[in-house]
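Please read all numbers here as calculations on a predicted model, not as lab measurements. Chain letters run A, B, ... following the sequence lines, proteins first, then strands; residues in each count from 1.
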Amino acid sequence: MDTIARRRLLMLAPLAVAGAGSVVFWELLARMQTGSYDPHLLKSMLVGKHLPAFSLPGQPPSAGFSNTEVNAGPLPALVNFFASWCIPCVEEMNELMHLKAQGVTIWGIAYKDKIDATAAFLMRRGDPYHRVARDADGRTAINFGLYGVPETYLIDRTGTVRLRYAGALTAAAILPELRKWGWT
Amino acid sequence: MGVDVIGMGWWGGREGQGGAAPLDPPPGGRPPGPLPLRAKVKGSKGQPLAGVQGAAPPGLSFPPLRPILIAFLLILAVAGRARALESPSEMLANPVLEKRAEAIGMQLRCVVCQNESIEQSNASLAKQFRGIIRRRVLDGWSNKRIIAWMVHRYGTFVLLRPPFDPMTWVLWGAPVIAVAAGGVSIWVFRRRGVPAPVPLSPEEHRALAELE
């Protein structure tokens with residue numbers, strides 16, 4: 001290859017790099033649009049571990065519950081953090097009711113919410129929960145590593161957390177996972 | 001600076017794709033056409049100019065730029081040293097301990113607004129973490145233990161200074177890799193040497209002789 005041709009090629013190199021970069025960025029943006037890629041998504045430290053110890057008061061008329069009660073109840077189960085003030089929580093309520101109808105055990109934890117507000121929320125949207133506890137100061141949520149509501153944790157038959165789902169849950173997303181971890 | 005996205009539903013971003021709703025028609029069935037415009041015209045005390053179309057009349061003033069500029073500069077001035085403590089009551093009375101708490105908070109990422117530290121963010125979760133860190137500092141926990149407490153719950157992602165582990169080898173190794181790559185390429189080019197210039201053709205020799 002003569003010098004001129006090589007120089008031409010070298011001149012094209014930065015352009016090629018920029019082109020490749022834009023293809024990658026385009027793909028990322030496209031995936032962000034469809035929701036298959038979320039740069040804010042955090043890996044949960046709880047996956048593969050048991051639930052952190054907690055014992056929370058109930059949202060009347062429901063009794064509260066603790067981590068040991070979740071583990072003693074029907075498994076696999078879901079633990080769902082929600083709040084009346086959170087929009088995606090409203091969005092996922094129909095899905096949770098659908099899951100309840102299929103016999104999925106969902107433990108609800110009202111995150112930093114007022115008793116009355118939670119009660120009104122459950123009245124309006126339906127109550128898909130096995131029991132509802134209140135995490136008024138959000139300390140239990142911090143021990144879960146929660147960084148937003150809603151968040152849902154899947155606990156398998158051995159009481160091990162297998163999945164953390166951040167955002168509005170869908171039955172289509174969680175049912176295969178439940179089956180994978182022994183739900184029938 | 002931090003907005004408490006938790007309250008808005010952190011993951012709610014994909015709902016609002018509907019676009020703007022059509023504006024309501026003004027009451028009283030106003031005839032179509034541009035809205036009456038109140039403009040400051042020199043000498044006149046801002047009478048309504050009904051149905052101004054196209055070109056602006058002489059003397060029509062534009063929104064004053066100076067207040068905007070001043071506001072912008074003020075924002076810049078404040079943004080430089082953003083710390084989000086909402087009130088002095090959040091701070092510890094002991095300045096030494098407060099300094100320590102700040103130093104810890106500056107190293108930890110706010111998991112809600114992910115490019116800010118706990119110390120800088122306005123998210124309610126960050127505020128809560130500031131309180132927890134200060135309580136732990138008062139309880140005599142070491143910096144290391146407080147940070148480990150956070151990492152245990154939220155993972156190494158919360159460390160604004162990433163640790164050296166298999167995930168970050170390339171990141172931390174980047175300077176070494178860059179210097180090594182530069183060194184290798186210099187070595188290769190040196191070894192190859194600069195090609196000898198093509199000897200001048202007889203015409204070029206003649207041209208050179210003419211110049212001299």
Do you know which two heavy atoms are closest between L125(B) and L146(A), and how far apart they sit? CD2-O, 3.8 Å
Considering residues, nucleotides and ligands other than K114(A), do more than 12 of their heavy atoms fall under 6.0 Å from its NZ? no
In short, I132(B) meets R139(A) closest at the heavy-atom pair CD1-NE, 4.0 Å
Considering heavy atoms only, which positions within residues 135-146 of chain B lie below 4.5 Å of chain A? R135(B), R136(B)
Side chain from CB out, backbone as N, CA, C, O: work out which of these in I142(A) comes under 4.5 Å of a heavy atom of chain B, or both, or neither. both
Can you name the closest pair of heavy atoms from K112(A) and S124(B) and give their distance? NZ-OG, 4.0 Å
For M45(A) against Y154(B), the heavy-atom pair lying closest together: CG-C, 3.6 Å
Measure A141(A) against the heavy atoms of chain B and call it side chain, backbone, both or neither at under 4.5 Å. backbone
For I4(A), look at atom CD1 and say whether over 12 heavy atoms of other residues, nucleotides or ligands are found less than 6.0 Å away. no
Give, as side chain, backbone, both or neither, the part of V151(B) having an atom under 4.5 angstrom from any heavy atom of chain A. backbone
Taking the side chain as every heavy atom from C-beta outward, state whether R153(B) and P52(A) have any atom pair closer than 4.5 Å. no
Does F164(B) have more than 12 heavy atoms from other residues, nucleotides or ligands lying within 6.0 Å of its CZ? yes
On a heavy-atom basis, which atom in Q128(B) and which in D137(A) lie closest, and how many Å separate them? NE2-O, 2.6 Å
Any idea which heavy atoms bring V112(B) and Y147(A) closest together, and the distance? CG2-O, 4.0 Å
Step through the shown structure and confirm whether more than 12 heavy atoms of other residues, nucleotides or ligands are within 6.0 Å of CZ on R190(B). no
